[in-house]
Amino acid sequence: MPTLTAVAALGPTTVSGLPAHILLVHLTLVVIPTAAAAMVVAAVSRRLRRWLGVVTPLLALVALVMVPITKSAGLWLYDRVPHTPLVDAHMHRANHILPWVVALFVVSVGEWIWFRSLDRDEDGSRFPLFAAAAPDEVSDRRVKSASRTRTPGPAMWQTIVATVLALVVGIGATVELVRVGESGSRAVYQGNFTTNPH
């Protein structure tokens, strides 16, 4: 059973004797690209936007919460490992991810509010917050009718603007995440393994 010890200001620092940073980083590595992909899909596809509902901004919120927690655990670990140029480079690079994740959250919420105010069912009503959680026959009927009958929704320019914003922020956040992760991998593994098996 995992045990949490030494809780820092923003979260656990160890889990079952391991530094929490090495565990938390995996959740962060999954949730940021997932939120970015959901945001782009929601901007492009009306049907998937309705199916995802409020899940897209919730994923971005989880990403926004996870970054400071992961960074806090990383700072705790930083004080307990030898400082090398690679570790210092990772610490410096890690400072660049939060602005991208803030943008990811802001664009996701803005996109959700904007499209939710414009996307309507054929009777003029909004889809439920969780369209995917609606009874199957109701959601299937609504999705089918939405694909047959184009109700007034966002103008083409609005969809293009939302898509471009989603792409810029989603790709930017994901690329920065990869750069942070790559610098962390170098800090841990560069020079610490051999290509020849024992």
Side-chain angles (χ1 to χ4, degrees), residues 1-43 52-112 130 132 165-198:
M1 162 105 7
T3 58
L4 300 178
T5 58
V7 176
L10 292 179
T13 55
T14 62
V15 177
S16 296
L18 292 173
H21 181 70
I22 62 174
L23 301 172
L24 294 170
V25 77
H26 289 88
L27 178 58
T28 306
L29 283 169
V30 170
V31 77
I32 291 175
T34 303
M39 181 178 66
V40 171
V41 165
L52 284 167
V54 76
V55 169
T56 301
L58 288 178
L59 281 170
L61 177 62
V62 171
L64 184 61
V65 168
M66 284 309 303
V67 167
I69 292 172
T70 304
K71 185 175 178 188
S72 176
L75 289 170
W76 178 88
L77 182 59
Y78 179 74
D79 291 336
R80 288 156 180 83
V81 297
H83 291 202
T84 66
L86 291 172
V87 170
D88 291 339
H90 176 59
M91 288 298 297
H92 175 71
R93 173 60 61 194
N95 290 326
H96 299 161
I97 192 68
L98 186 59
W100 282 105
V101 176
V102 168
L104 181 74
F105 176 71
V106 169
V107 172
S108 289
V109 170
E111 175 185 89
W112 179 74
F130 295 98
L165 269 173
L167 282 170
V168 168
V169 171
I171 290 170
T174 303
V175 166
E176 193 57 45
L177 178 69
V178 169
R179 293 173 75 185
V180 171
E182 188 266 344
S183 70
S185 295
R186 284 190 183 280
V188 172
Y189 295 110
Q190 188 166 309
N192 291 328
F193 74 98
T194 178
T195 56
N196 301 319
H198 296 288

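FYI, side chains are in, hydrogens and waters are out, and symmetry mates aren't considered; it's all heavy atoms of this structure. Worth saying up front: this structure is predicted, and the values here are computed from it rather than measured.
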Does [X] reach the side chain of [Y], with side-chain heavy atoms less than 4.5 Å apart?
| X | Y | result |
| --- | --- | --- |
| L64 | L104 | no |
| V106 | V169 | no |
| W112 | L52 | no |
| V107 | M39 | yes |
| L59 | I32 | no |

From [X] atom [atom1] to [Y] atom [atom2], the distance as rounded to the nearest 0.5 Å:
| X | Y | atom1 | atom2 | result |
| --- | --- | --- | --- | --- |
| K71 | L98 | NZ | CG | 7.0 Å |
| L27 | T70 | CG | OG1 | 7.0 Å |
| T13 | I69 | OG1 | CD1 | 12.5 Å |
| T84 | H90 | OG1 | NE2 | 11.0 Å |
| T56 | F105 | OG1 | CZ | 12.5 Å |
| N192 | L86 | CG | CG | 9.5 Å |

Is a side-chain donor-acceptor pair under 3.5 Å present for H96 with R93?
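Yes, because at least one side-chain N or O of R93 sits under 3.5 Å from a partner of the opposite role on H96.
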Testing the basics here: between A42 and E111, what is the closest heavy-atom pair and its distance to 0.1 Å?
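For A42 and E111, the tightest heavy-atom pair comes out as CB-OE1, 3.3 Å.
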side-chain contact (heavy atoms from CB on, under 4.5 Å) evaluation trace for T14 with W76
CA-CA 9 Å; T14 62; W76 178 88; 3.4 Å; yes
H83 vs Y78, side-chain contact (heavy atoms from CB on, under 4.5 Å): CA-CA, chis, key distance, verdict
CA-CA 8 Å; H83 291 202; Y78 179 74; 3.1 Å; yes
I'd like to know if the side chain of S183 and the backbone of V180 have a donor-acceptor N/O pair within less than 3.5 Å.
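Side chain of S183 to backbone of V180, a donor-acceptor pair under 3.5 Å: yes, one is there.
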Checking salt bridge (charged side-chain N to carboxylate O under 4.0 Å, His left out) for the pair E182/R179: CA distance, chi angles, key distance, verdict?
CA-CA 5 Å; E182 188 266 344; R179 293 173 75 185; over 6 Å; no
Under the side-chain contact (heavy atoms from CB on, under 4.5 Å) criterion, do L177 and L29 qualify, and how do the steps go?
CA-CA 7 Å; L177 178 69; L29 283 169; 3.7 Å; yes
